[in-house]
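We name chains A, B, ... by the order of the sequence lines, and we start the count at 1 in each one. Only this structure's heavy atoms are used, side chains among them; waters, hydrogens and symmetry mates stay out.
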Amino acid sequence: MPERRYWLFKSEPTAYSFSDLLKEPNRTAEWDGVRNYQARNFLRDDMQAGDGVLFYHSSANPMAVVGAARIVKPGYPDSTAWDPGSIHPDPKSTPDSPIWYMVDIQGEKSFNRPVTLEEIKANPRLKDMLLVRRGMRLSIQPVTRAEWDEIVTMGEQGG
DNA sequence: GCCAACGTTGGC
DNA sequence: GCCAACGTTGGC
């Protein structure tokens with residue numbers, strides 16, 4: 001049993017929100033459409049079933065981590081890449097030679113309150129998070145155990 | 001709506 | 001293999 005890892009997934013809530021995830025059958029969705037190699041490597045190589053996911057709303061009001069999810073299916077080829085009807089087609093990726101990967105995540109808990117980007121920036125314990133690093137645009141980022149604990153604790157404070 | 005940051009593309 | 005142009009991300 002590998003050690004549990006922690007991640008942060010960004011999503012624009014106007015495209016797909018945490019409450020959308022909670023409305024899915026079994027609160028589970030395929031996290032498809034990632035088209036960045038560094039994020040792809042995390043999806044393909046590093047994620048394991050059971051890993052924790054902080055769900056972050058970007059370009060939102062407020063910008064915040066709004067809940068927790070977990071990986072329920074580790075990396076497998078992203079079939080939307082060779083689906084010409086998808087919003088992120090990539091004809092270079094094929095079933096025989098996939099380039100892009102996805103995971104399945106299951107929504108676990110909506111926080112009692114959003115943990116805002118502003119609070120994250122103001123918290124010295126979270127100063128090293130990739131999220132607040134200048135120019136860091138990765139939509140999937142690793143998070144340390146300590147950062148996970150801190151954010152979950154903040155989110156579970158009374159609402 | 002702006003624009004800094006930065007990844008990707010393509011001409012050479 | 002360099003690098004200018006271009007596209008995207010995402011906070012402001």
Interatomic distance where CG belongs to A:L131 and C1' belongs to B:dA5 [whole Å]: 15 Å

Taking ring-ring contact (aromatic ring centres under 6.0 Å, His included) as the test, write out the residues that go with A:W148, two or more places apart. A:Y6

Set of residues satisfying ring-ring contact (aromatic ring centres under 6.0 Å, His included) with respect to A:F42, sequence neighbours excluded: A:W7

Can you give me every donor-acceptor pair (side chain of residues 94-104 of chain A, partner residue at least two apart or in another chain, under 3.5 Å) with its distance?
| residue | atom | partner | partner atom | Å |
| --- | --- | --- | --- | --- |
| A:T94 | OG1 | A:S97 | N | 3.0 |
| A:W100 | NE1 | A:D90 | OD2 | 2.7 |
| A:D104 | OD1 | A:Y76 | OH | 2.5 |

Just the atom pairs and distances: protein N or O near nucleotides 6-10 of chain B's N or O, under 3.5 Å.
| residue | atom | partner | partner atom | Å |
| --- | --- | --- | --- | --- |
| B:dC6 | O2 | A:R137 | NH1 | 3.3 |
| B:dC6 | O2 | A:R137 | NH2 | 3.1 |

Qualifying salt bridge (charged side-chain N to carboxylate O under 4.0 Å, His left out) pairs, either residue in residues 58-87 of chain A, two or more places apart: A:R35-A:D78, A:R70-A:E108

Hits for salt bridge (Lys or Arg N to Asp or Glu O under 4.0 Å) against A:D149, two or more places apart or cross-chain, chain-then-number order -> A:R145

